[in-house]
Structure formats: structure tokens, C-alpha cells
Amino acid sequence: MNPADLSASVLAIVTSVLERRGSTGTLTVDDIPLERPRNRDHGDWASNIAMRLAKGLGVNPRELAEEFAAGLREADGVSDVEVAGPGFINIRLDAAAAGALAKIIVDKGAEYGRGSLYEGVTINLEFVSANPTGPIHIGGVRWAAVGDSLARIFQAEGGIVTREYYFNDHGAQIDRFARSLLASYLGEPTPEDGYGGEYISDIAARVVADYPGDLADIPTREEAQEVFRSVGVELMFGDIKKSLHDFGVDFDVYFHENELHETKAVDRALARLSELGAIYEKDGATWFESTKYGDDRDRVVIRSDGEAAYISGDLAYYLNKRERGFERNLIMLGADHHGYVRRLMAMTSAFGDTPEYNLEILIGQLVNLVRDGEPMRMSKRAGTVVVLEDLVEAVGVDAARYALVRSSSDSQVDIDLDLLQKKTNDNPVFYVQYAHARTRSVARNAAAAGVDRSAFDASLLTHETESILLGILAEFPRVVLQAAELREPHRVARYAEELAGAYHRWYDNCRVTPLGEEPVTDVHRTRLWLNDAAGQVLRNALGLLGVSAPERM
RNA sequence: GCGCCCGUAGCUCAGCGGAUAGAGCAAUUGACUACGGAUCAAUAGGCCGGGGGUUCAAAUCCCUCCGGGCGCACCA
């Protein structure tokens, strides 16, 4: 008996009661709310369906609930039903019906928890996309962790996901980067508005080493700068790829903005807008009339100096993604870019697509760097830039990813490296990982003691901690579904913590291997199934977060 | 001025209309000659920022005020 079966039973009963009352509306499983009550006294599952329907029918909710309850008491696997409070229906399952789940989970293995929300849907998830003018700093790391986890969650729901990194290799920032490299090479001071970090001199030195000839032979400063630009960007890009890879994040596509300009995709995008009548000229510039599509002001697409404005690249990039066949396109941006959302939605409408469906912008709040409880500004000059490698070095990949993915992207997070270095055990990731390691350890001990999974009798799983553990295991598929729908990977992390806690408490109360000379019974064998089911779900949940599930710690 | 996000236990945060608001850390007290004590049990700790409204039911939805963060370019 899993929640879906129970929902179906409840639906059947509700429908028959409604028919008897002459009600005409039709209900689906989605209309049957079923939750696991916080309080154990309220049963394994509870529904407020009677309260929802009572008003429309003009009856007392408790009375209606009693009618539903009477039918439910006859349902398979239900041991007890009671009506409580204003009209809640509290359902208790019999042990066998609840416990059957343990075997189902073990049999499904890594498949348990997967769903079909995005079955066959092509999804492009763009994240990080930091400019190749420096290493990934701590702001970008959050999106690496959250974005990769979200991609895994979409995949678990059947989505055909492409992880994409938009590589901004066109425009003024790259020029500044190239000038900075050249200046470093020539021993000049960092140019105004240039980049001055230590990595600049490192990259400059590597450009010199990589260059096949002698840089001193290059006749003009412009040509030398171009060498530093092209080689330097490649080097920087390689570094970024490597540090992301070491963080467990690999992109399927690294898209170069330059390509959009070189292939005239930008021109084609603007021509398309022009055909749609959404382009006009004013003050020597070319404008996109985005206010027609909900933006709060129109946007320049070609500046009066003839250069394409930044948004032009985005217009072309969006069309490119659509041409590549992506139904859903998501872009994760930091809160400092939220002002960009409306114009991108206007663009989506202008092209005849559906905002929030074909294109969705996920805004995440920023990461604050904190030292001794005091917020610090990240400054390349002051040497207070914290990069991905610093974070990983301080706490390791698992703890870093978990810490970043554990809280909602709607809240800002503080990162205090000193604190993380001192007290890594504060990170709940160890609690969860330990629970998993413990399931493996129990399995090893069971094997040594001659306990195997040759028998399974769910009716033996009668301890209170077993019924709680089973209830939590049953919820995993909906947690994944909800995390996907809401684009909130942190729900999976919180769930993993809850599961880990329930597992530890079960472990404390219910032994899998017999004590001393006690014989091995079916109780032990059945508990081994439950142990392995818990381990499987912990493994699946950690997998969605990109965090390892160790055999031992 | 306009827009987005946040305000919940000492700290970090969960809680997409449900019952007595939860977890981790920190504090106090207990539990191994029992499958790993990176664990468990217990105690303590809350005008859910303030005020109004909608609802059978509000931390959750709406309005408003206060406080904090971030944006409002022919920059990218």
C-alpha cells in the first residue's frame, strides 16, 4: 500500500458517496489531499477532503467525513479510520500493508523516487555562466550546486536535460581582461577598470609559455592584446571547467556568445523582431518595443555607435535554444540580475512563445561572505575573493555542495570559511551520510550473522519506529516531484535529514542481527529488507544532490 | 520613487491554507562489556517583524507599515 493506492481508494469512496448524494462533479486523484500528519496520534495518513467538499454540498464537514470514514474502514490494508477535529479523516494502515513498501523499494532500487512529470520533455538548464575573466567565485558556486542538483531532479522526473553554460566571450569585459593580461606581461600597472588579481599574472605567464613564437616579435600592441585575449580566455575557461568538474558539475554544452555574432544569428533575431513590428529607430539607436509585451521600458538593441547591445545576444541565444529543440528553457541568475527578467519575458512573448513556460528565469539570492560574524565585501584588490577551490579546500565537495543546496535559493546564505573549517561536523550532511554508512554496516553485519533477505513478512514490522520510517520512505517520490515542480532542490536535502533521523531512531530500537546465541528469525530477515530500503532511499536522495553516499565513514 | 527577495527558538534555517509551529547547532541532564556514541532519550528555549483583511481554518493568501538585501543604462 503506497500513497497512490490509498489516494485511489479514497477517491473511489468519495466518488461513490458523492454519487449517492446526487452530486455531479467529477474528481481526480489530484483532488484528494493526503498527508502524513506530524502528530502520530493522527494516524499514518490524513485527509481534509471532507472539509473541502462540505461547503459546496451544504453539509456538516464532520458528518461528511463520517460517511467517507465508513467506506474507508472496509478498504484493503486499512486498519483504522477516525474522524477528528473539524473533519479530518485519520487513516491507519495495518502493518502488512504499510510494510510491503520495504520490498518494493529494494526491488526498484535506484528507480524508486523517479517520476514522469517531465517524461520526454526537452529541458535546457542554463546556470553559472560566469564570465571567463577570472575563477569561479563563491557567488557562482551556489548556482553550480543548485543548478546541477535541479538538473538531476528533472532527470529523475523523466526530463531530457541539457546543462548549459553561456560563455560570455564577446564585449567589453573580455577586452578589459585582455588589456589586464597584456599590462601584467609588460610590467605595467593594472589598467583602470581592469582586473588585478594574482591569477592575472599567472594566466599571463601561461599565455607566454603556451605561445609558439616569441611574444616580443609581435609588432603592434593591438595584435599582442589579441593573442592575450584568445589564449587567455581559453586558459581561463579550461580552469573554470576543471574546477567545476572537480566540484562534480559537468556541462553538456558550453555555448560561446561569439558564435551568435559570427553566424549572424543576432542579425536574424533582430530581423525577426522587425517583421513582427517590434523594432523602431530613435536617437540613432535601434530599439525593441518591449513595453508592448509587458516590460516597463523599451530596450536598445543596436547602440548609436552601431554595436549590438548585450540583450541582442540574448535574443539570438533564446531563438538558438528553441531551434535546437528545447521546449523548456530555464536560466538561473543571481538576485543582482532580477531586473533582467521582465525584458526576457517580453522577448519570449514577442517571439510568440509563452513566458514562464518556454522560458523561465530562476532568481537566487546572493551569497554573503562572512568573517567572524561580520559581512565582508568581496574585493579582488583586497584579496578577499573566495573562489570555488577555497570552499572545497575548506570543507570538501560533499559538505560544500550540501551546505549550498540545503537552504532555499530565496534566502541569502552566509559563508564563513573560518567557521566551516573549525566545525565541519555542524554540517548536517554528515548526519545523513552517517545514516547511509550505518545501513551498509548493518547489512555487512547481517550477512556475517547469517541474516539474509530470503524471507519477507511485512506484518512483522510492528514497532512504532518502523511505521514512522515506512511513512517517510513512502513520501520520497512526492518530495522529488515537488522539488521538480517548485525548482527547489533543498526539499530533497531536508527530506534526507528527516529520513536519516527516522533511520537512526529505528536502528536504536530494532535490531537486524540477533543478539548472542539467539536464532535468526523472519523478523531479522524482514528488518534487513527495511534496512536496505532505507539505505537505498538515502542513496537516491543524496544522488539527486550530487553528494556521495559512503559505505563507511 | 518603482520592482524582486527576506524577516519564524540564542545562532543557521525548514514549514507552496490544516490539528499542539519543527530540525540542526549552542545550553542542561541522561544512555554502550548490545548490529559504529559522527548515535539515541529527555529538559529548556517562540506576540512566526507590527497592524488590518479573506477563510470553517493563516507562519502560509491579500492590503499596509517597519526593518534588511538586491536591482531599476545606448554596461555586460
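To find a chain, count down the sequence lines: A is the first, B the second, and so on, and within it residues start at 1.
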Worksheet item: Base, sugar-phosphate, or nothing: which does A:A335 touch, judged by heavy atoms less than 4.0 Å apart?
Response: sugar-phosphate

Worksheet entry | Atom-pair distance (OH on A:Y402; C1' on B:C13), nearest Å | 12 Å

Response to the item:
Of A:G284 and A:V413, the one whose nearest nucleotide on RNA chain B sits closer to the 5' end is A:V413

Fill in: Nearest-angstrom distance from the residue atom OH of A:Y507 to C1' of B:G36
5 Å

Fill in: Parallel, tilted or perpendicular, as decided by the 30° and 60° cut-offs, for the rings of A:H261 and A:H170
parallel

Practice prompt. Using the P atom as the reference point in each nucleotide, state the distance between B:C65 and B:G3 in Å, no decimals.
Written response: 11 Å

Discussion item. Need one value for A:A46: base, sugar-phosphate or nothing, where a base atom within 4.0 Å counts as base even if backbone is also close, heavy atoms only.
Written reply: base

Practice prompt. Scan A:N48 against the nucleic acid and name what it touches under 4.0 Å (heavy atoms): base, sugar-phosphate only, or nothing.
Written response: base

Practice prompt. Would you check if the distance from the ring center of A:F288 to the ring center of A:Y280 is below 6.0 Å?
Written response: no

Worksheet entry | Distance-only donor-acceptor test (3.5 Å): side chain A:S411, base B:C6 | no

Worksheet item: Under 30°, 30 to 60°, or over 60°: which ring-plane class applies to A:F167 and A:F237, parallel, tilted or perpendicular?
Response: parallel

Discussion item. Categorize A:S407 for me: base, sugar-phosphate, or nothing, with a 4.0 angstrom heavy-atom threshold over every strand shown.
Written reply: sugar-phosphate

Practice prompt. Please evaluate the base of B:G71 for a donor-acceptor partner in the side chain of A:D336 within a cut-off of under 3.5 Å?
Written response: no

Fill in: Nearest-Å distance for atom pair CZ/C1', residues A:R494 and B:G15
10 Å

Discussion item. Could you identify the nucleotide paired to B:A9, looking across every strand shown and requiring Watson-Crick or G-U wobble geometry with both distances under 3.5 Å?
Written reply: none

Discussion item. Of the listed nucleotides (B:G69, B:U20, B:C74), which one gets closest to any side-chain atom of A:Q412?
Written reply: B:G69

Fill in: Span that lies between the P atom of B:G50 and that of B:A58, in whole angstrom
15 Å

Worksheet item: When we call it a touch if two heavy atoms are under 4.0 Å apart, what does A:I363 touch: a base, just sugar-phosphate, or nothing?
Response: nothing

Discussion item. Between A:I415 and A:V386, is there a side-chain heavy-atom distance shorter than 4.5 Å?
Written reply: no

Worksheet item: Would one find a side-chain N or O of A:R491 under 4.0 angstrom from OP1 or OP2 of B:C16?
Response: yes

Worksheet entry | Assigned partner base of B:G17, Watson-Crick or wobble definition, under 3.5 Å | none

Worksheet item: Are any of A:H490's side-chain N or O atoms less than 4.0 Å away from OP1 or OP2 of B:G15?
Response: yes

Item to complete: State the pairing partner of B:C32; accept Watson-Crick or G-U wobble contacts with both distances under 3.5 Å, and report none otherwise.
Response: none

Worksheet item: Should B:G3 form a Watson-Crick or G-U wobble pair with both distances under 3.5 Å, which nucleotide is its partner?
Response: B:C70

Discussion item. Expressed as a whole number of angstroms, how long is the span from A:N509:CG to B:G37:P?
Written reply: 14 Å

Worksheet item: Going by ring centres under 5.5 Å and near-parallel planes (under 30°), is A:F88 stacked on B:A19?
Response: yes

Worksheet item: Are the side chains of A:I174 and A:P132 in touch, meaning some heavy atoms are under 4.5 Å apart?
Response: yes

Item to complete: Could you give the distance separating B:G24 and B:G15 at their C1' atoms, to the nearest angstrom?
Response: 15 Å

Discussion item. Categorize A:R552 for me: base, sugar-phosphate, or nothing, with a 4.0 angstrom heavy-atom threshold over every strand shown.
Written reply: base

Worksheet item: What's the closest nucleotide to the A:A84 side chain, out of B:G24, B:A38, B:A19?
Response: B:A19

Fill in: Nearest-angstrom distance, P atom, B:C5 to B:G10
27 Å

Worksheet item: When we call it a touch if two heavy atoms are under 4.0 Å apart, what does A:T286 touch: a base, just sugar-phosphate, or nothing?
Response: nothing

Worksheet, complete the sentence: Between CG of A:N131 and P of B:A76 the distance, given in whole Å, is 11 Å

Worksheet item: Looking at A:Y165 versus A:F255, is the centre-to-centre ring distance below 6.0 Å?
Response: no

Practice prompt. Write down the distance separating the P atoms in B:A9 and B:C48, rounded off to the nearest Å.
Written response: 10 Å

Worksheet entry | Mate of B:G45 where both pairing distances stay under 3.5 Å, Watson-Crick or G-U | none

Worksheet, complete the sentence: Between CZ of A:R36 and P of B:A14 the distance, given in whole Å, is 20 Å

Discussion item. Regarding A:H504, tell me which of base, sugar-phosphate or nothing describes its non-hydrogen contacts under 4.0 Å with the strands shown.
Written reply: sugar-phosphate

Worksheet item: NA contact type, A:N168, heavy-atom cut-off 4.0 Å: base, sugar-phosphate, or nothing?
Response: sugar-phosphate

Fill in: Nucleotide forming a Watson-Crick or wobble pair with B:A38, both distances under 3.5 Å
none

Worksheet item: Taking atom C1' in both B:G69 and B:G49, what distance in whole Å separates the two?
Response: 16 Å

Item to complete: Determine the contact category for A:D314: base if any of its heavy atoms lies under 4.0 Å from a base atom, sugar-phosphate if only primed atoms, P, OP1 or OP2 are that close, otherwise nothing.
Response: nothing

Practice prompt. Ignoring the backbone of A:P86, work out which of B:G18, B:A19, B:G36 is nearest its side chain.
Written response: B:G18

Worksheet, complete the sentence: Taking B:A19, B:U20, B:G18 as options, the one with an atom nearest any side-chain atom of A:D41 is B:U20

Discussion item. Between B:G71 and A:H337, is there a base-stacking contact, meaning the centre of the base's six-membered ring lies under 5.5 Å from the residue's ring centre while the planes stay under 30° apart?
Written reply: no

Worksheet item: How many Å lie between OH on A:Y495 and C1' on B:C13, as a whole number?
Response: 20 Å

Worksheet item: Does A:F127 have any ring pair (Phe, Tyr, Trp, His ring centres under 6.0 Å) partners at least two apart in sequence or in another chain, and if so, which?
Response: A:F251

Practice prompt. Please name the pair of heavy atoms, one in A:D522 and one in A:A455, separated by the smallest distance, quoted to 0.1 Å.
Written response: OD1-CB, 3.4 Å

Worksheet item: Mind checking the C1' distance from B:A26 to B:C63? Whole angstroms is fine.
Response: 39 Å

Worksheet item: Across the strands shown, which category fits A:D410 at heavy-atom distances under 4.0 angstrom: base, sugar-phosphate, nothing?
Response: sugar-phosphate

Item to complete: Would you mind reading off the distance between A:L64 atom CG and B:C56 atom P, rounded to a whole angstrom?
Response: 16 Å

Worksheet item: In terms of side-chain geometry, is the basic nitrogen of A:R527 or A:E466 positioned less than 4.0 Å from the acidic oxygen of its partner?
Response: yes

Practice prompt. Using a 4.0 Å heavy-atom cut-off across all strands, classify A:E497 as base, sugar-phosphate, or nothing.
Written response: nothing

Practice prompt. Pick the C1' atom in B:A59 and in B:U8, then give their distance to the nearest Å.
Written response: 7 Å

Response to the item:
Closest to the 5' end of RNA chain B, once A:I311 and A:R511 are matched to their nearest nucleotides, is A:R511

